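Presented below is the structure to which this report refers.
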Number of protein chains: 2
Amino acid sequence: MKRATLRDIAQVLGVTVATVSRALKNYPDISSATKQTVLATAERLHYAPHPMAVKLRQQAYKVVGVVVPDIVHPFFSDVISGIVDVMEALGYHIILSQSNESYEKEIRVTQMLQATGVDGLLVCLSNETVSIDHLRALQEYDLPVVLFDKISPLLDASSVVTNDFQGAYDAVAHLLDQGYTRIAHIKGPPHPENTRQRFLGYQAALAAYGLPFRPEYVAECHTVTHEEGATFALRFMALPEPPQALFAVSDSVAIGAITALKEAGWRVPQDMAVIGFSDWSVCRMLEPSVSSVSQPGYDIGRRASELLLREIRQLREELPPEHSRVVLDATVQVRQSSLRPTAG
Amino acid sequence: MKRATLRDIAQVLGVTVATVSRALKNYPDISSATKQTVLATAERLHYAPHPMAVKLRQQAYKVVGVVVPDIVHPFFSDVISGIVDVMEALGYHIILSQSNESYEKEIRVTQMLQATGVDGLLVCLSNETVSIDHLRALQEYDLPVVLFDKISPLLDASSVVTNDFQGAYDAVAHLLDQGYTRIAHIKGPPHPENTRQRFLGYQAALAAYGLPFRPEYVAECHTVTHEEGATFALRFMALPEPPQALFAVSDSVAIGAITALKEAGWRVPQDMAVIGFSDWSVCRMLEPSVSSVSQPGYDIGRRASELLLREIRQLREELPPEHSRVVLDATVQVRQSSLRPTAG
DNA sequence: ATCGGTAACGTAATCGATTTCGGAACGCCA
DNA sequence: TGGCGTTCCGAAATCGATTACGTTACCGAT
């Protein structure tokens, strides 16, 4: 069964396509009698407007592109979910691409998305990305771009990020508030700004509580895996004066650390309190349940979508697009792994 | 900067759009001199073909729709990742939608996808879905549909699924091979066929090894959460003759069971061996590391994509579309939680 | 001088829907 | 009867690219 067109309906009724089009869109200058018959035959022929024809006229696709480094990642799943919910409510669809943390691929997919004809782009930069010329090129063709999570100060665009600094600060403050004074940190690699901010938040919290920064209490990941968490946790324990608490840059590292500590005979949190970052769903399933800093992935997706939709609207109305910078707080989820046993 | 059209180039050079179009597509009946200048000015004006115009002519969008019940789920992330990889390699894009396990929403999003103009659909049915008329309607308009993971025998379409029966059978056989004879199962709710197959695989393995089916060793989940895993595991332990091993319908249930058992003073796997289903990434991070049956999510996405692309191609060539039914094996990942300590 | 051939390009239809500009038909009033 | 205003609809342009089908001009051959 081939799909019916306006012409098909017009031929059946002996009118022109213009009349049919206007009847279907309920124009006032079409008699209600004609409207009736048009609607009836449209129904009968299972008419549906041809998407591309409409979009060619309207110059609006109602589709936005989404680029994330890695689809298979709980955080990005959350973000995407937030994006989809907002976009679908307004009749927009999303085209999903992943950069695999590759700068080359990021350039490729953004260009492909532009060529596909999206109305805007939601991008989380890859870790490799240094130049943002490929995104600037999109903007020059009036294609709005909103960055989220991993952003670049070089691009004049709206952005939505987690307050990693504050999240880390709060996590460490939570440990400090309980009276811990020797707090270690397993930090991420230097490059992604996000994990650097967590390290800075860690330092700032120590400073705010008048505690010295002890380099021997800081380890730096390369792979950010649970193996590294295990290695560094045990290394900390071997220090002459081992730390009492650990703030890990990610949940995988935190879980690796906890697992290794328990296997080595230490108790969590009695011998070492641990708190992670990201709040994976398994955190609450473990024993002890793992404290973590939860990133508002879903909200990041929502807010980024709203900003993009606003810019798309402004562009359609020939207004200069406004750019906003949204920073969402991360919230500490206190569970057993970081709760200091009441002395007694 | 407005995007250049063929007409812009044509006006600059004093030729017609036809010439420009043919020059850009390297037609033989255009002089190389003209081609040179056309290419040069196309470059200069940053010409890029208008996607909708091309698609309207060609009647092919190079976009497929993907519908999953829930984006925020490791398994579906894997599937989506596989889909994206295959599709992008062939210049296709994917439009992502989620049904939130709602029949109503599944109908809505599939219709929206059709209206948006996709070349085909990859669908995982929601748990609620009973009738598949909405998908049949798509097929009648020559829109190929491929089902994956949760499928329906009522729809004549290609499908790709995990062999849940075999995965469950192998998991239980792995326990039986080690000499366990009292094996419990925490099964899923009756409806999704997938978890029912796991239950059947459990039963079949017992039968194959000549062991009786003991109803007191089977519990049925409603929410399929770690809390239920905890509850049922402890209930099993309270039996006069507790089971020695447990096959859980999901990893969340398995992890909940392990956590509860350990907290209650039992040892895993010494007092109770446990194996889950899905092979979440955390399984290998825990202590003991959790055995599980890994579903080939990425491959399911790949295979489903290939089938869909084949049907799209066949449809373009006016051939009758062939339907295939692909069943991919699940593989048992043996880790500590299900390894019987060597007696001695 | 006429014919056939070919290189190189133009004309116009086409994809399907939307929209501006008219235009016929009718009624109403002077 | 002439003029004006509605009502309802048709003609045609438009969105941008593609392509079947001419058409021109120039060549060599007869």
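Everything numeric in this text was worked out from a predicted model, so none of it was measured.
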Closest approach to the side chain of B:Val54, judged atom by atom: which nucleotide of C:dG10, C:dA17, D:dA17 is it? D:dA17

The side chain of A:Tyr47 lies closest to which of these nucleotides: C:dT18, C:dA17, D:dA17? C:dA17

Atom pair distance, as rounded to whole Å: [atom1] in [X] and [atom2] in [N]:
{"X": "B:Lys55", "N": "D:dT18", "atom1": "NZ", "atom2": "P", "answer": "13 Å"}
{"X": "B:Tyr61", "N": "C:dG16", "atom1": "OH", "atom2": "P", "answer": "9 Å"}
{"X": "A:Leu13", "N": "D:dG10", "atom1": "CG", "atom2": "C1'", "answer": "15 Å"}
{"X": "A:Leu24", "N": "C:dT19", "atom1": "CG", "atom2": "P", "answer": "13 Å"}
{"X": "A:Leu6", "N": "C:dT18", "atom1": "CG", "atom2": "P", "answer": "6 Å"}
{"X": "B:Arg22", "N": "D:dG22", "atom1": "CZ", "atom2": "P", "answer": "14 Å"}
{"X": "B:Lys25", "N": "C:dC9", "atom1": "NZ", "atom2": "C1'", "answer": "18 Å"}
{"X": "B:Met52", "N": "C:dT14", "atom1": "CE", "atom2": "P", "answer": "24 Å"}

Are B:Lys105 and A:Glu88 close enough, and set up right, to give a salt bridge (Lys or Arg N to Asp or Glu O under 4.0 Å), and what steps lead you there? CA-CA 11 Å; B:Lys105 184 141 190 233; A:Glu88 262 177 8; 3.3 Å; yes

Between B:Ser32 and B:Ala53, just flag the one whose closest nucleotide in DNA chain C comes earlier from the 5' side. B:Ser32

Hey, which of these two, B:Leu56 or B:Val17, hits DNA chain C nearer its 5' end, going by closest nucleotide? B:Val17

Give one of base, sugar-phosphate or nothing for [X], where a contact means two heavy atoms less than 4.0 Å apart.
{"X": "B:Ile30", "answer": "sugar-phosphate"}
{"X": "B:Ser21", "answer": "base"}
{"X": "B:Val15", "answer": "sugar-phosphate"}

Does a side chain donor of either [X] or [Y] reach within less than 3.5 Å of an acceptor in the other side chain?
{"X": "A:Ser158", "Y": "A:His323", "answer": "no"}
{"X": "B:Asp85", "Y": "B:Tyr298", "answer": "yes"}
{"X": "A:Glu106", "Y": "A:His134", "answer": "yes"}

Report yes if at least one side-chain N or O of [X] is closer than 4.0 Å to OP1 or OP2 of [N]; otherwise report no.
{"X": "A:Tyr27", "N": "C:dT19", "answer": "yes"}
{"X": "A:Thr34", "N": "D:dC9", "answer": "yes"}
{"X": "B:Ser31", "N": "C:dC9", "answer": "yes"}
{"X": "A:Thr16", "N": "D:dG10", "answer": "yes"}
{"X": "A:Arg7", "N": "C:dC15", "answer": "yes"}
{"X": "A:Gln59", "N": "D:dT14", "answer": "no"}

Inter-end axis angle, the helix from C:dA1-D:dT30 to C:dA30-D:dT1, with every axis fitted to five base pairs (rounded, 10 degrees): 80°

Taking for each residue the nucleotide of DNA chain D with the nearest heavy atom, is it B:Arg57 or A:Asp29 whose nucleotide lies nearer the 5' end? A:Asp29

Could you check A:Ile312 against A:Val64 for side chain to side chain contact (heavy atoms under 4.5 Å, CB included), going step by step and ending with a plain yes or no? CA-CA 10 Å; A:Ile312 291 173; A:Val64 301; 4.0 Å; yes

Might you work through the side chain to side chain donor-acceptor pair (under 3.5 Å) test for A:Ser97 and A:Arg108, ending with a clear yes or no? CA-CA 10 Å; A:Ser97 291; A:Arg108 271 218 316 282; over 6 Å; no

Over 12 non-hydrogen atoms of neighbours within 6.0 angstrom of CZ in A:Arg7: no

Per the atom types in the model, does the base of C:dG16 pair as donor or acceptor with the side chain of A:Arg3 at under 3.5 Å? no

Quick one: which of B:Val63, B:Asp119, B:Leu308 gives a side-chain contact (heavy atoms from CB on, under 4.5 Å) with B:Tyr92? B:Asp119

